[in-house]
Structures are given as structure tokens and as C-alpha cells.
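One structure is given here, and the rest of the page talks about it.
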Amino acid sequence: MLPPLLLLLLLLLQLPHSWSSPPFQTSQDFTRCLFSQNSTVATHTNLIYTPASPKYSLLLQSTIRDARFNTTLAPKPSVIVTPTSLSQIQASVHCSREHGLQLRVRSGGHDYEGLSYTSPYPNYPFVVLDLVNFRNISVDVPEKTAWVQSGAILGELYHRIGEASPNLAFPAGSCHTVGVGGHFSGGGFGFLMRKFGLAADNVLDAVLIDSKGSVLDRASMGEDMFWAIRGGGGNSFGIVLAWKVRLVSVPSPVTVFRVIRTLEQNALEIVHRWQSVASKLPKELMIELAVTTTNSSTTTTTIRATFNALFQGRSNSLVSLMQSRFPDLGLRKGDCQEMSWLEAMVFHAGFPSNSSVDVLLDRTISPLVGSFKYKSKSDYVQDAVPKAALLKIWGKLFETDVGGGIILMALTR
Ligand SMILES: Cc1cc2nc3c(=O)[nH]c(=O)nc-3n(C[C@H](O)[C@H](O)[C@H](O)COP(=O)(O)OP(=O)(O)OC[C@H]3O[C@@H](n4cnc5c(N)ncnc54)[C@H](O)[C@@H]3O)c2cc1C
């Protein structure tokens, strides 16, 4: 049996919305409660944002990554809180309970259903706790560990690790603006996954605030809860404020490639073969696949399969490995680029070659996040998808009412 493939289908859609205006009274009650609970609240000017605040909309939109939820019709929070201290978070938990408000936690805002900043229930008032100020990262090179706060984005984490050592890395996703909080609590797959597992597999400890406002670490939350917060989904068990992670050793340089094959260049055969070959290649090599349609006005529309890879080794070894084990792709030395792991994260975040590694610190721009409306779904496939089924699925990408889409395929081991 083949290892499961992770299939992610992204469809660009036009969907209707319902409107719910945040009740003014609720905002006031919650804000008053926060003032009474926490003495530091009064001294902070940039802490509480109600719909009446001039910067409310700007802050709300700052990390909305799906235009489907960036409309006047999408349900909005009664209050957004951007805490700077633990006690302010505890006060927010207390006041949400006190006034019957749902509490939504936002780290990087990449939730596929916008659950960190909007609500599927139009008449349920809610508060957004935005962890944008909880972004500290400390790397311990000798111990090969790091503490990272949930509001940091993956790019910030990678940058700090790469700065600290060219031979240390962390196995997590490729989109640099994804937030640590939602990513680690949902799993987190990326180019080091085959060798080192998911981000969640490499969490050693965590700081969790539960629904009573208690602050727990691994020992005090217990192993069951510690298991649950590493993959059980964000916002399900409490607010994870920070994570202690195990760093992994990588060589420098590593090698990356991005190779594109269209249907006319045998994409169907190669993708089908990839399903059975890629999992038998050494764990140091991860090849992901993105299938989409070409959108160039000068070419006939066709299917385009993009093979993105990271190899923990030199390009010469990679080329001979591919020639002997997966010649179907036709990889050449000229397709490969050697670089540090940190630079490889810039490459796989979709930035142009020669971009500075500092682009990973930019929370506002990501080549992988568009300003369009989309719907994402993922699934696990236990057996290779037959060629006829691949063609049928790919055919969906041409349907005009869908508007476009992308299918991402990754091996889970
Ligand atoms: C463009 C794009 C690229 C992606 N690439 C990858 C990839 O390469 N690999 C991969 O595995 N995934 C990928 N994802 C999926 C991504 O990992 C998840 O959507 C993840 O949950 C986003 O985390 P976030 O903090 O950015 O999102 P948020 O919207 O802030 O949070 C997501 C969920 O977690 C909750 N949450 C957030 N912070 C906390 C916290 N501190 N404590 C408790 N709950 C919290 C939120 O309430 C929400 O329910 C991608 C998503 C997008 C949009």
C-alpha cells in the first residue's frame, strides 16, 4: 500500500454572505469589564478596538487571507483585543465568559474558513484576540530548541533559526505568512516532513491558557491535553501562547528545484508515476506537486503540473538519484539550485530568486496568498489515484463556474 497523499483542492469562488452588525452594547460591556479586570488596560492606547475605533477595519483586515471573508457582509467581531501581556489575555477570557461572547484567537489569519476573525453564526457576538504582539522567538543553538510565541509567522521563525545557525531548521509549511498558532495546533506539513515529521511532531512543551484563564505548561496540562493541542485544531482546547520546539539538523547547502510539465509534456504519466515513486526515494528528498491550468493568453489552455522539491544534499547527488529512480521527470542539473535552508524557504515561499531572506519577515506580502475568494478542502488518499480519475479531477479545473483552482499533492511520509 502507498503512503497517504495529501490532496488539497483550492477553488476560486464567488459566494453570497449574510450580514451581522456587532451589537454596540456588547462592545461596551466587554470593554468596561476589561478595564475593571486589568489595571494595565487603561494605560494602553492600542489594545482595544471596537467598530467605532478609526483603526478597527484596518486591523481586522490586516491578516484576512481570503477575500471571501473580507466583505462588508461578513460577520464582524464586537471587539478586537491586541494584548501585550498574559494578564490581559486572562482578563479577555474572563470578560468573554462574563458577557456571553465567543472568543476567537487569531495568529496568522490563514484559517481556510476565516474562523479566527469571522463567524459562521451571524447572530453570535464574538471577540477576536489578535496575538500580533506575541511574536518573541528565542533559539538555543547548543540545545537545538526554540521557544516561539504563537503570533509569530513561519517566516519570522525560519529567519531567526537561519540567523542562529546555517545547519539548523524547523519542519513546517512553505507559506511564510502562516501563523505559528494555527499551524502548530493543526499539524503543519512542509518540505522537511518526510524526514522529520510535522511541526506538531516537534513540539516539546507549550504554554496554554484554558477557559478559566489558568496558565498551563506540558506538566500541568497533562499528556492528553498536550497531545490534543498538537494537531487537534486551533481554538479547540484553549489559547496556546507559546511553543517549545525541537530544531532539526540540515546540511548547508540544500538543493531545490521547480520543474513544470504540461499535459503535452507527459504530465499525466509523470504525475501518476510520482505517486508510487516519490515515497520510496530517500527521506532527504521531498517532492510536492501543484496541478493547475495554464493562464497565459498566448498558449492553449492545458494542465500544468509543477514539481517543487527540497533535497537535503548537493545537486550532483540529487540529479543522479533522480536519473536512476525517477527518470520520467527528466530532471537536469540546470533545473537545480543549491542554497541554504533559509534561502530555500524564500524560494518555496514563491519569491523571485535572489530575494533577500529578509522578505520572510514581511507579514504583509506573500506570493502564495492572493487577493481572491477561494475555498480549500483537503483529503488523504491511501492508494494511487488512477490516470482516468486524475483526468476527471483535473477536468474540474476547466469548469467556468468554478473560476480556476489548484490541486496540491504531498506525500505524508
Ligand atoms: C496560503 C496558505 C498556505 C498554506 N500553506 C500551508 C503549508 O504549507 N503547510 C500546512 O501544513 N498548512 C498550510 N496552510 C494551512 C495553515 O497551516 C492553516 O490554515 C493554519 O491553521 C493557519 O494558521 P494561522 O495562525 O495563520 O491562522 P489563524 O486563522 O490565525 O488560525 C487558524 C485556527 O487556529 C486558531 N488559532 C490561531 N492561533 C491560535 C492560538 N494561539 N491558540 C489556539 N488556537 C489558535 C484560530 O482560532 C483558527 O481556528 C496554508 C494556508 C494558506 C492560506
Side-chain angles (χ1 to χ4, degrees), residues 6 8 10 60 62-69 77 83 89 92-93 102-120 126-135 148-158 170-193 197-201 203 206-211 216 225 228-243 286 288 290 308 310 345 348-350 363 365-378 406 408-410 412:
L6 182 63
L8 187 66
L10 264 176
L60 179 62
S62 62
T63 58
I64 293 184
R65 307 298 184 182
D66 185 341
R68 190 153 55 102
F69 307 109
I89 298 180
S92 302
V93 171
Q102 284 197 351
L103 189 64
R104 301 199 166 262
V105 190
R106 180 162 78 171
S107 290
H110 285 62
D111 192 275
Y112 288 138
E113 294 302 321
L115 293 179
S116 56
Y117 54 82
T118 185
S119 170
F126 64 99
V127 169
V128 167
L129 195 68
D130 192 316
L131 297 180
V132 62
N133 295 318
F134 279 85
R135 283 155 56 192
V148 54
Q149 289 185 326
S150 284
I153 56 172
L154 295 182
E156 289 170 323
L157 176 62
Y158 296 160
F170 186 68
S174 30
C175 178
H176 82 287
T177 49
V178 163
V180 161
H183 193 66
F184 290 14
S185 51
F189 70 89
F191 281 95
L192 299 180
M193 172 173 68
L198 301 174
D201 294 324
V203 172
V207 177
L208 175 79
I209 299 168
D210 70 9
S211 59
L216 308 169
M225 179 65 98
I229 60 169
R230 291 170 299 146
N235 229 17
S236 306
F237 305 100
I239 302 161
V240 184
L241 203 56
W243 312 76
M286 170 89 177
E288 270 186 20
N308 288 303
L310 188 147
M345 292 301 95
H348 282 307
R363 299 171 73 91
I365 298 165
S366 165
L368 300 183
V369 185
S371 54
F372 41 78
K373 297 177 180 179
Y374 63 89
K375 171 82 181 171
S376 301
K377 290 289 289 175
S378 26
I406 180 167
L408 303 175
M409 297 170 83
T412 58

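Both ligands and their constituent atoms are indexed starting at 1 by order of listing.
Partners of D111 according to the salt bridge (charged side-chain N to carboxylate O under 4.0 Å, His left out) rule, which considers only residues two or more places apart in sequence or in another chain, do not exist here. With sequence neighbours left out, the salt bridge (charged side-chain N to carboxylate O under 4.0 Å, His left out) criterion links R230 to no other residue.
Listed here is the closest heavy atom pair of R65 and R363: NH2-O, 3.0 Å. Closest non-hydrogen pair, V128 versus Y117, comes out as CG2-CA, 3.8 Å.
With hydrogens and angles disregarded, a donor-acceptor distance shorter than 3.5 Å links the side chain of S150 to the backbone of V240.
Here side-chain hydrogen bond (donor to acceptor under 3.5 Å, both in side chains) pairs that include residues 173-193, with residues two or more places apart or in two chains, are H110-T177.
Closer than 4.0 angstrom to ligand 1 by heavy atom are V105, R106, S107, G108, G109, H110, D111, Y112, S116, L131, S150, G173, S174, C175, V178, G179, G181, G182, H183, G188, F189, G234, N235, G238, I239, V240, L368, V369, Y374, sorted by chain and number.
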